[in-house]
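First the structure, in the form of C-alpha cells, and then the observations on it.
Nothing fancy with the numbering, it's 1 onward along the sequence.
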Amino acid sequence: VINLAPKQGKDVYEMNKVVSDTIDKWKDKTEVPYNKWVAGTKFAGTFNGQMHTISGVYLNTSAQTAGLFGEVTATGTVSNFYLKDSYFNSTYTNSKVNATTGAYLGSVAGVNRGTVSKVYSDTIVNAVHAQVGGIVGRTVNASSIKECWFDGEVNLTTANGKYSGGIVGYAYVESGKTDVVFDIVDCLFTGKITTPASSGDKSAWGIGVGGIIGQSYGPVTYTINIKNCISAGTIDLTYTSGDADGAGVVLGGIEDAKTQVILTNVYGTNECCEKAQRPYYLKSDVAASITGKGIMMSKADLFEIAGYQNT
C-alpha cells in the first residue's frame with residue numbers, strides 16, 4: 001500500500017501521518033497539509049489494497065480528471081481498501097457542462113474504464129461543475145463497479161453544477177462501441193449529495209443527481225445493469241422551480257433512447273429527497289428501456305436489509 005504512487009506525490013505511508021481530525025480544517029481551507037496528493041493520469045495495472053486503510057489524502061486540483069487514481073483504464077483493476085478521512089476538491093471549470101465536459105472527480109477515480117471493487121469510502125468530494133461521484137466521477141464503456149460503499153459527502157458548489165451520484169456521477173459510452181454493458185453491483189450509498197441547482201434546465205435533461213448514478217448517456221445502444229444496490233443516503237437539492245427534473249433516488253437522468261437500464265433487487269429510500277421521491281427520472285420524450293423497478297421504503301427498513309447500523 002505504501003507504494004501506491006511514489007512518483008505522483010507523497011506516498012500513502014506519508015499520507016497516513018496526517019491526523020484525521022484535520023479534515024474539517026481542510027474543508028474550510030483554514031489549514032492545508034504539507035503533503036498534498038497528486039493523482040496519476042492513467043492506471044492500467046492491478047492495485048489490491050489487501051483491505052488496508054488509506055487515510056489523510058488531500059487533493060485540491062484544477063485538473064479535469066482527478067481522484068485517488070486519475071483514470072483507471074480498461075485493463076486496470078482497483079480493489080480491496082478503505083478510504084477515510086480524506087478530501088478531494090476540483091476547481092476545474094467549463095462554460096458548457098455536458099456529456100464530454102466538466103470535471104471528472106471521484107474519491108477512488110475520476111474516470112473508470114476498468115474495474116473498481118470492494119472499496120469503502122468515507123470522504124469529502126467537492127467539484128465546481130460535473131461529473132462527480134462518491135466512488136467514481138465518470139464511468140466509460142464496459143466498465144464495472146462492484147461491492148463499493150460510499151458513506152461520505154458529494155458536493156457541487158455552483159448553481160449550474162450537474163451530474164452527481166453517490167457511487168457514480170456519470171455513465172457514458174463512446175461512439176462506435178457495440179454490445180456495451182456497464183455493471184454496478186452490490187453497491188451501497190449512505191452518504192449525502194448536495195447540489196445547489198437553481199433550475200431544472202429541461203433542455204439538458206435536468207440536474208442529473210442520483211444516489212447510485214447521477215446521469216447516463218450514450219450515442220449507441222448500451223445497457224446499464226444495476227443489481228443488488230441500495231440508495232439509503234440523502235440528496236439535498238437547493239431547488240425552487242417545482243419538481244426536480246433529472247433527480248432520482250437511484251438514477252438521476254437518462255439522456256438517450258438507446259439506453260437500456262436493468263434494475264434487479266434495487267432499493268431506495270423515500271426519505272432521500274423531498275423533490276424526487278422516485279427511483280429514476282425519465283424525460284417524457286426519451287423512450288429508454290427500463291426493466292425492473294426500484295423498491296422504495298423507509299431508511300430504517302433499508303438499513304435493516306443492508307445490515308447497517310445508522311449511528
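Looking at every heavy atom in both residues, Gly252 comes nearest to Gln215 through C-OE1, 4.4 Å. Across all non-hydrogen atoms, the minimal contact from Thr123 to Leu83 is CG2-O, 3.6 Å. Across Val154 and Gly165, no two heavy atoms sit closer than the pair CG2-O, 3.9 Å. Counting all heavy atoms, side chain and backbone alike, Ile226 lies closest to Val266 at O-CG2, 3.3 Å. In terms of heavy-atom proximity, Ser164 sits nearest to Thr195 at OG-CB, 4.5 Å. Counting all heavy atoms, side chain and backbone alike, Ala44 lies closest to Thr75 at O-OG1, 3.0 Å.
In this structure a side-chain-to-backbone donor-acceptor pair under 3.5 Å is present from Ser107 to Gly134.
Atoms CD1 and CD1, from Ile224 and Ile262 in turn, are 10.0 Å apart once rounded to the nearest 0.5 Å. Annotation: the span from Thr139 atom OG1 to Ile167 atom CD1 amounts to 12.0 Å, rounded to 0.5 Å. Here Lys146 contributes atom NZ and Asn228 contributes atom CG; the two are 11.5 Å apart, rounded to the nearest 0.5 Å.
No side-chain N or O of Trp149 forms a donor-acceptor pair with one of Ser121 less than 3.5 Å apart.
Residue pairs that meet the salt bridge (Lys or Arg N to Asp or Glu O under 4.0 Å) test with at least one member in residues 58-73, sequence neighbours left out, are Glu71-Arg113.
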| task | Decide yes or no on ring pair (Phe, Tyr, Trp, His ring centres under 6.0 Å) for Phe182 and Tyr172, but give the supporting numbers first. | result | CA-CA 9 Å; Phe182 163 54; Tyr172 179 72; over 10 Å; no
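For OH of Tyr120, the number of neighbouring non-hydrogen atoms (other residues, nucleotides, ligands) closer than 6.0 Å is greater than 12.
For the pairing with Ile212, the side chain to side chain contact (heavy atoms under 4.5 Å, CB included) check across Leu251, Val249, Ile145, Ile184 returns one residue only, Ile184.
For the pair Val78/Thr115, no side-chain contact is recorded, criterion being any heavy-atom separation below 4.5 Å from C-beta on. Side-chain atoms of Asp186 and Lys227, non-hydrogen and from C-beta on, never get closer than 4.5 Å to each other.
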